[in-house]
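We number each residue from 1, following the sequence as shown. Because the structure is predicted, anything quoted here is derived from the model rather than measured.
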Amino acid sequence: MLGVFPFAGLAQATRAVTIKREQPEYFTESYSVLLTDSRTRHGAYAKNVLLNRAVVRGYYHNGQKDSVWTFYYAPSGQVQSRGRYRAGQKAGIWEYRQPDGALAYHYDHTRNALDMPSALLAADTVTRVVEQNGQRQRRPRIRPALFVGGDETRWLGGDGRVRFPNAALKRQASGLVLIEFIIDEQGNATGFRVAQGQDPALDQEALRVTRHVFDNQWLPATEAGKPVRLVYKVPFTFRIN
């Protein structure tokens, strides 16, 4: 006997959505949502900035990131990172690149394992000279913390863009603001603070941007292969033209 089984179509009806914003920074988003639920994205996703330059390309499946996603540096268009999402989570091996396009490292998000180019791994054996209590000593080179997760779009403008506060502008305040934070042994960015301030409004704007951009997932800095806590400083220069 030959059995015939009916198959229902797997495709889901969607409608296209395009969002454009010009302030505080121009960008467009294009994606599709389910006809049955306008809050659920389903299908290809694209985000462009000024001059129609791509900063994000990806795919949603029933409201979750899925398949291959690519993030680009703006405005150069160089690939920043690329890899797969499964059920909204990064999975498998992702590549992370420097702004000039050179490979920085691979990271396996399924195994939580770092895979670095041999040249960078060799650099971990380089020593550095430090002075402590009047004595010069050689110590292993510290490898900086590496970005391995979170929301790459934080790097691409929008809320990560520095805006000159109106209150500071009225006071004609300007100058250098230095923000300090720690990436601890577990890869958490903590302890954000103003290390050098100029004006309350400028200080808070610099603090806001630093938190927004750097409060992500990191692979901690290492010294001789062991995770170490490292202090980072981010300078902001506010000028009045």
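Classification of the Phe214-Trp218 ring pair by plane angle, with boundaries at 30° and 60°, yields parallel.
Taking the ring centre of Phe27 as origin, the terminal cationic atom of Lys47 falls inside the region bounded by 6.0 Å and 45° from the ring axis.
Under the ring pair (Phe, Tyr, Trp, His ring centres under 6.0 Å) criterion, Tyr60 pairs with Tyr45, Trp69, sequence neighbours left out. Remark: Arg239 engages no residue in a side-chain hydrogen bond (donor to acceptor under 3.5 Å, both in side chains) (not counting sequence neighbours). Scanning for side-chain hydrogen bond (donor to acceptor under 3.5 Å, both in side chains) contacts around Arg57 gives Asn48, with sequence neighbours left out. When the side-chain hydrogen bond (donor to acceptor under 3.5 Å, both in side chains) test is applied to Gln64, no partner is found at least two apart in sequence or on another chain. Taking Arg86 as the reference, nothing meets the side-chain hydrogen bond (donor to acceptor under 3.5 Å, both in side chains) condition, with sequence neighbours excluded.
Applying the salt bridge (Lys or Arg N to Asp or Glu O under 4.0 Å) test to residues at least two apart or on different chains, none of the pairs has a partner in residues 67-81.
Between the side chain of Asp108 and the backbone N or O of Thr110 there is at least one donor-acceptor pair closer than 3.5 Å. The backbone N or O of Pro165 lies less than 3.5 Å from no partner atom in the side chain of Glu205, so there is not a single donor-acceptor pair. Judged by distance alone, the side chain of His42 and the main-chain N or O of Asn62 form a donor-acceptor pair under 3.5 Å. Under a 3.5 Å cut-off, the side chain of Asp203 and the backbone N or O of Gln198 do form a donor-acceptor pair.
Side chains of Thr18 and Tyr31 form no contact here, defined as non-hydrogen atoms less than 4.5 Å apart. Contact of the Tyr232 side chain with the Ile183 side chain is registered, since non-hydrogen atoms from C-beta on lie closer than 4.5 Å. Side-chain atoms of Val194 and Leu178, non-hydrogen and from C-beta on, never get closer than 4.5 Å to each other. Phe164 places a side-chain heavy atom less than 4.5 Å from the side chain of Leu202. Counting heavy atoms from C-beta outward, Phe238 and Leu176 have side chains that stay 4.5 Å or more apart. Inter-residue side-chain proximity for Leu230 and Ile182 is flagged as unmet; no heavy-atom pair is nearer than 4.5 Å. With a 4.5 Å cut-off on side-chain heavy atoms, Val33 and Arg15 count as touching.
Salt-bridge formation is detected for the pair Arg229/Glu185: a Lys NZ or Arg NE/NH1/NH2 atom is positioned less than 4.0 Å from an Asp or Glu carboxylate oxygen.
In this structure, CZ in Arg111 is found 7.0 Å from CD1 in Ile93, a value given to the nearest 0.5 Å. For the atom pair CD of Gln78 and OH of Tyr72, the computed distance is 11.0 Å after rounding to the nearest 0.5 Å. How far CG of Leu219 is from CG of Asn112: 9.0 Å, rounded to the nearest 0.5 Å. Atom CG of Asp100 and atom OG of Ser76 lie 9.5 Å apart (nearest 0.5 Å).
Side-chain rings of Trp94 and Tyr85 approach one another, their centers coming within less than 6.0 Å. Between Tyr59 and His61, a ring centre-to-centre spacing not shorter than 6.0 Å is recorded.
Checking each of Tyr105, Tyr73, Phe71 against Tyr96 for a ring pair (Phe, Tyr, Trp, His ring centres under 6.0 Å) leaves exactly one that passes, namely Tyr105.
A continuous path of Ile, Leu, Val, Met, Phe, Trp and Tyr side chains, each step under 4.5 Å between heavy atoms, connects Leu169 with Leu207, placing both in one hydrophobic cluster. Cluster annotation: Val177 and Val162 are assigned to the same hydrophobic cluster (Ile/Leu/Val/Met/Phe/Trp/Tyr, side-chain heavy-atom contacts under 4.5 Å, transitive).
For Glu29, the CD atom is densely surrounded, since the number of other residues' heavy atoms within 6.0 Å is greater than 12.
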